[in-house]
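Here is the structure we will look at.
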Amino acid sequence: MPILSGRMSQLGTESAFEVLARATALQREGRSIINLGIGQPDFATPGHIVEAGRKALADGHHGYTPANGILPLREAVAADLHRRHRVAISPDRVLVVPGGKVTMFFAILMLGEPGADIVYPNPGFPIYESVIRFSGATPVAMPLHESKGFSFDAEEVLSLITPRTRLLIVNSPGNPTGGVAPKSELDRLVEGLARHPEVAILSDEIYGEMIYEGTHASLTTYPELEDRLILLDGWSKTYAMTGWRLGYGVWPKTLFPYAERLAINSHSCVNAAAQYAGIAAMTGPREPAERMMAAFAERRDYIIPALNALPGFSCATPGGAFYAFPNIGETGLGSRTLQSRLLDEAGVATVSGTSFGAFGNGYLRFSYAASLEALKEAVGRIEAWLGSQAAGTRLRASGAPSSRA
Ligand SMILES: Cc1ncc(COP(=O)(O)O)c(C=O)c1O
């Protein structure tokens, strides 16, 4: 067995992929599984985007591109950020990468090392904590509060910052909760960050266009952060392009050369055809993305009351993304137990809240990127399963033999 570096033991994973593998294995055995585990839109990439990718291949775009991405794509990103937030961002600060995750990986590797602290949202996207540990830095959990619609509390976050803190990660709208940080909370955070000028901020805004009410408050709109804000965004969610592997970071001028160097050392550049598709996504019609969002809104309006009606479940209404994160404490079952029993016994794939950090204990994540029919069937199955559990408990309590072996 080759001898691994010590840091490999620190690398975590994303349980949604494990749930997907188990769900697929059960389906192969002939079981009917409704997959609400994986976080990706259930829509095909809009036709005009696919066509742009196909045309790029037919036109001979088969070679390397500049490591930072082709200029028209970086210009499209700058124009898109102006459209959305009225900010002027130079295309020179845009680094196109293969997916949103890469900006996170680079930012954490660049700033994390033993002796450094990195503050990250918890419950949050599991890769933050995984890569922080991999970098040798210490992960410091920023709690998200159900009572605040799964936003952070700015004063609490600021109290976690010490001279060791290198990076603060913010994710709004958030995975796994769908929580949105209100503008007032961001204002308080940014005001307090003035006391900590050495701390960089990674703002993961990959769900920034998936907001149900009002507009998205982006950290890019605070000019005082410009020299230390890393923006993570991409095409995966907004344009249903998870498999194209296309994302971008907007980097402070001083950090950009290091991010570009990491790109050259790892992937050289992003698949050329995907970059042309990315231009079509940002400069083409917006109706496909709007239609998708309208479908998510309809599904949210169904699933949140439906989950709240399940015995032992209570679910905050998500302000963005396509995740419901019910509190399942009153079911009397742990998150991981409920995840595996719902999958194995009810045929519904969800992800345990503990997969998103310690503060996810007592919750379950549902990705409602599935048809209304599938959502209704899933809720029906869970309701029936919970009913059978309750009946089993009553039977056992009355001394009758259990129907379960
Ligand atoms: C919060 C968050 N950031 C980043 C990503 C990564 O996106 P991509 O698939 O583009 O790498 C995800 C994907 O699920 C996510 O939920």
Side-chain angles (χ1 to χ4, degrees), residues 2 4-5 7-8 11 13-14 17 40 45 49-81 89-113 125 127-128 130-132 134-136 167 200 202-206 229-283:
L4 290 170
S5 76
R7 83 175 84 81
M8 284 312 295
L11 202 58
T13 186
E14 202 182 333
F17 285 99
Q40 67 177 339
T45 304
I49 302 175
V50 176
E51 177 52 26
R54 198 199 59 77
K55 182 170 181 312
L57 287 174
D59 288 352
H61 294 291
H62 305 163
Y64 292 124
T65 75
N68 54 344
I70 55 176
L71 181 59
L73 180 58
R74 289 182 289 111
E75 285 173 342
V77 167
D80 192 61
L81 289 170
I89 291 204
S90 163
D92 293 347
R93 296 207 287 128
V94 176
L95 183 71
V96 177
V97 282
K101 260 180 186 166
V102 180
T103 298
M104 160 190 326
F105 196 70
F106 286 2
I108 295 170
L109 280 192
M110 193 184 294
L111 298 163
E113 63 180 332
F125 190 50
I127 301 305
Y128 303 138
S130 162
V131 183
I132 294 168
F134 186 65
S135 77
L167 178 67
L202 171 66
S203 188
D204 181 343
E205 302 186 10
I206 197 114
L229 176 73
I230 303 159
L231 171 70
L232 180 162
D233 208 331
W235 287 257
S236 295
K237 315 288 174 173
T238 311
Y239 303 103
M241 291 178 73
T242 51
W244 294 73
R245 307 313 299 139
L246 191 62
Y248 68 86
V250 176
W251 292 82
K253 265 205 193 91
T254 51
L255 297 186
F256 185 88
Y258 298 99
E260 187 175 43
R261 195 165 282 205
L262 279 166
I264 292 168
N265 274 269
S266 58
H267 57 264
S268 298
C269 67
V270 174
N271 173 319
Q275 295 191 49
Y276 284 91
I279 298 174
M282 280 183 174
T283 59

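To the nearest 0.5 Å, atom CG of residue D80 and atom OG1 of residue T238 are 8.5 Å apart. Note: F105 CZ to L232 CG = 13.5 Å, rounded to the nearest 0.5 Å. Here the CG-NE2 distance, from L57 to H62, works out to 5.5 Å after rounding to the nearest 0.5 Å. Atom CG in L255 sits 10.5 Å away from atom CG in L229 (nearest 0.5 Å). For the atom pair CG (L202) and OG1 (T103), the distance works out to 8.0 Å, reported to the nearest 0.5 Å. To the nearest 0.5 angstrom, C269 atom SG is 11.0 Å from L95 atom CG.
Taking the six-membered ring for Trp, Y248 and W235 have ring centres closer than 6.0 Å.
Put simply, the side chain of Q40 never gets that close to the backbone of T242: no donor and acceptor are under 3.5 Å apart. Judged by distance alone, the side chain of R93 and the main-chain N or O of K253 form no donor-acceptor pair under 3.5 Å. Remark: the backbone N or O of G136 is not paired with any side-chain donor or acceptor of R7 at under 3.5 angstrom. In terms of modelled atom types and a separation under 3.5 Å, the side chain of D92 and the main chain of V94 share no donor-acceptor contact.
Within the 4.5 Å cutoff, the side chain of W251 has no heavy atoms near those of the Y258 side chain. Within the 4.5 Å cutoff, the side chain of N271 has no heavy atoms near those of the P98 side chain. With contacts defined as side-chain heavy-atom distances shorter than 4.5 Å, the pair L81/L231 qualifies. For the pair N68/F256, a side-chain contact is recorded, criterion being any heavy-atom separation below 4.5 Å from C-beta on. The side-chain heavy atoms of V270 and T65, taken from C-beta on, include no pair separated by under 4.5 Å. Residues W244 and S236 have side chains not in contact (no heavy-atom distance under 4.5 Å, counting atoms from C-beta outward). In this structure, M110 and L262 have side chains that are in contact, with non-hydrogen atoms separated by less than 4.5 Å.
Of all heavy-atom pairs between P91 and E75, the closest is CG-CG, 3.9 Å. The two atoms that bring I49 and A281 nearest to each other are CD1-CB, 3.5 Å, heavy atoms only. Between A272 and H61, the closest heavy-atom pair is CB-O, 3.5 Å. Taking each heavy atom of I230 and P252 in turn, the nearest pair found is CG1-CD, 3.8 Å. The two atoms that bring A273 and A56 nearest to each other are CA-CB, 3.9 Å, heavy atoms only. Annotation for A277 and A52: closest pair CA-CB, 4.1 Å, computed over non-hydrogen atoms.
Tested against I264, the residues E260, H267, R261 include a single side-chain contact (heavy atoms from CB on, under 4.5 Å) partner, E260.
Counting only N and O atoms by type, the side chains of Y276 and D59 include no donor and acceptor under 3.5 Å apart. E113 and S135 share no side-chain donor-acceptor pair at under 3.5 Å.
A salt bridge is absent between K237 and E205; no separation between the charged side-chain nitrogens and carboxylate oxygens falls under 4.0 Å.
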